[in-house]
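Have a look at the structure below before the remarks.
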Amino acid sequence: MLLVTGATGNVGRHLLNLLVADGHRVRALSRDPQRAAWPTEVDAVAGDLADPASLDAALTGVTSVFLFAAPGTGPAFVAAAQRAGVRRVVLMSSGAVDDDADVQNGPIATYHAEIEQALRGSGLAWTVLRPDVFATNTLMWAGQTRSGDVIRGAYAGAASAPVHEADLAAVAAAALTEDGHAGQVYRLTGPASLTHADQAAILGRALGRAIRYVELPAEVVREAMSAHVPGPILDDIFATWAGSVGRTAPTTVDVEKVTGRPARSYHDWVLDHAAAF
Ligand SMILES: NC(=O)c1ccc[n+]([C@@H]2O[C@H](COP(=O)([O-])OP(=O)(O)OC[C@H]3O[C@@H](n4cnc5c(N)ncnc54)[C@H](OP(=O)(O)O)[C@@H]3O)[C@@H](O)[C@H]2O)c1
């Protein structure tokens, strides 16, 4: 039995479908499983990574886990997985983690690195996925593109290599179900370094519209986002954006190495999500 945590999320939903299509027995964890619609083959259970006692039932009979990185939950998850006899864990970590740093830079890298660390010392067969930013982050522009052809946001020149959630799910499925991925750290990116302005232009091309990105002062955007995102995480995001202006985001071939298919482009991602925009 495979357990998918983060099963209602961007990657988890795809991963469930891939595993079911491949004939695996799959259990899905959600803090509120009643809220979601599940494939009929999936056994959806309630559980919260922040409440270790809720994990014992969810982990019963499970051999492999796709692990969502809930801050501060690494050691308790590892203990529960060891109790249950889990053998393999695939962690959705973050590309922000820096192996060369004595101290991780910012809260996002820090809490992901802590969970990685808990797995490394656990005796479990672990695989770490470190994605660059998800293309799904640009769904935050959908409200603007539904009402016009201008996206207003911070740092037009902030660069990243946005990755399609379906590629992340495909890598996770391989690492969960095939041998040869234990002890591997995969750095997962889309195929190209794109600025926010590039992404807006690609959105427009894919949708057949002339969409452009208009840069607003960072403080204005930060204030608007502070209603939804905690301050320290926002600081991290804005520092990353500011630091990436004028740079080329690194790209890797790890998606292709693991799945046998090149990473999907941002253009393809937009076509897959055209209805949202
Ligand atoms: N977004 C990015 O650019 C990016 C970049 C690098 C790495 N990542 C990593 O990928 C993760 C997912 O990102 P996302 O933006 O795609 O998230 P998302 O789709 O919003 O998914 C969040 C998922 O996590 C589950 N979850 C949250 N807290 C939980 C808890 N305490 N116990 C159990 N499940 C919990 C939620 O399930 P329920 O609500 O159903 O419980 C939901 O399925 C991030 O948290 C980060 O670790 C993201």
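When a ligand or atom number is given, it counts from 1 through the structure's own listing order. Predicted model, so just to flag it, every value in this text is computed and none were measured.
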(request) Of all the heavy-atom pairs spanning Thr138 and Ala135, show the shortest one and how long it is. (result) OG1-O, 2.8 Å
(message) If the threshold is 4.0 Å, N to carboxylate O, is there a salt bridge linking Asp98 and Arg130?
(response) no
(request) Answer yes or no for Ser93: is there a heavy-atom contact with ligand 1 below 4.0 Å? (result) yes
(message) Give the atom numbers and elements of ligand 1 that come within less than 4.0 Å of a heavy atom of Pro131.
(response) 6 (C), 7 (C)
(message) Within the protein, is there a heavy atom lying under 4.0 Å from atom 20 (O) of ligand 1?
(response) no
(request) Just jot down the ligand 1 atoms closer than 4.0 angstrom to any heavy atom of Arg35, in number order. (result) 39 (O), 40 (O)
(request) Check step by step if side-chain hydrogen bond (donor to acceptor under 3.5 Å, both in side chains) holds for Thr136 and Glu165. (result) CA-CA 7 Å; Thr136 50; Glu165 66 280 8; 4.8 Å; no
(message) Using a 4.0 Å cut-off to any heavy atom of Thr8, which atoms of ligand 1 qualify?
(response) 36 (C), 37 (O), 38 (P), 39 (O), 40 (O), 42 (C), 43 (O)
(message) Side chain, backbone, both or neither: which applies to Phe134 and ligand 1 if a contact is any heavy-atom pair less than 4.0 Å apart?
(response) both
(message) Gly6 versus ligand 1: do any nitrogen or oxygen atoms come within less than 3.5 Å of each other?
(response) yes
(request) Pull out every atom of ligand 1 sitting under 4.0 Å from any heavy atom of Val133, numbered as shown with elements. (result) 3 (O)
(request) Give yes or no for whether the N/O distance cutoff of 3.5 Å, strictly under, is met between Arg31 and ligand 1. (result) yes
(request) Could you tell me which non-hydrogen atom of Pro250 sits nearest to which non-hydrogen atom of Thr189, and how far apart they are? (result) O-CG2, 3.7 Å
(message) Looking at ligand 1, would Gly95 count as a contact under a 4.0 Å heavy-atom criterion?
(response) no
(message) Please find the pair of heavy atoms, one from Ala80 and one from Leu55, that lie closest to each other, and give the distance.
(response) CB-CB, 4.2 Å
(request) Just jot down the ligand 1 atoms closer than 4.0 angstrom to any heavy atom of His112, in number order. (result) 46 (C), 47 (O)
(request) Search all heavy atoms of Ala96 against all heavy atoms of Ile108 and return the closest pair with its distance. (result) CB-CG2, 4.4 Å
(message) Any salt bridge linking Asp235 with Arg222? Criterion: basic side-chain nitrogen under 4.0 Å from a carboxylate oxygen.
(response) yes
(message) Taking the side chain as everything from C-beta on, heavy atoms only, tell me whether Phe66 gets closer than 4.5 Å to Val11.
(response) yes
(message) When you measure from the side chain of Arg83 to the backbone of Asp56, do you find a donor-acceptor pair of N or O atoms at a distance under 3.5 Å?
(response) no
(message) Starting from atom 17 (O) of ligand 1, what is the nearest protein heavy atom, named by residue and atom, and what distance separates them?
(response) Asn10 ND2, 4.2 Å
(message) Val11 versus ligand 1: do any nitrogen or oxygen atoms come within less than 3.5 Å of each other?
(response) no
(message) Return the closest protein heavy atom for atom 45 (O) of ligand 1 as residue, atom name and distance.
(response) Phe68 CE1, 3.2 Å
(message) Using a 4.0 Å cutoff against the non-hydrogen atoms of Ser30, which atoms of ligand 1 qualify?
(response) 38 (P), 40 (O), 41 (O)
(message) What I want to check is whether the side chains of Asp268 and His164 have a donor and an acceptor closer together than 3.5 Å.
(response) no
(request) Output all residues satisfying ring pair (Phe, Tyr, Trp, His ring centres under 6.0 Å) with Phe277, sequence neighbours left out; order by chain, then residue number. (result) Trp269
(message) Below the 3.5 angstrom mark, is there an N/O of Asn137, backbone or side chain, next to an N/O of ligand 1?
(response) yes
(message) Please classify the Pro33 to ligand 1 contact at 4.0 Å (heavy-atom distances, strictly less than): side chain, backbone, both or neither.
(response) neither
(request) Tell me, please, which residues at least two apart from Arg209 pass side-chain hydrogen bond (donor to acceptor under 3.5 Å, both in side chains). (result) Asp149
(message) Pairs of nitrogen or oxygen atoms closer than 3.5 Å, one from Asp132 and one from ligand 1: do any exist?
(response) no
(message) Within the structure, is a non-hydrogen atom of Asp48 found at a distance of less than 4.0 Å from ligand 1?
(response) yes
(request) For Ala175 and Thr127, work out which heavy atoms get closest and say how close. (result) CB-CG2, 4.0 Å
(message) Show the atoms of ligand 1 that are less than 4.0 angstrom away from any heavy atom in Leu49.
(response) 30 (C), 31 (N), 32 (N), 33 (C)
(request) Using distance alone, decide if ligand 1 has a nitrogen or oxygen within less than 3.5 Å of any nitrogen or oxygen in Gly9. (result) yes
(message) If you measure every N or O of Thr136 against every N or O of ligand 1, does any of those distances drop under 3.5 Å?
(response) no
(request) Please could you name the atoms of ligand 1 that Met92 approaches to less than 4.0 Å, counting only its heavy atoms? (result) 9 (C), 10 (O), 47 (O)
(request) List the atom of Tyr213, the atom of Ala154, and the distance in Å for their closest heavy-atom pair. (result) OH-O, 2.7 Å
(request) Say whether Gly47, considering both its backbone and side-chain N or O atoms, lies within less than 3.5 Å of an N or O atom on ligand 1. (result) no
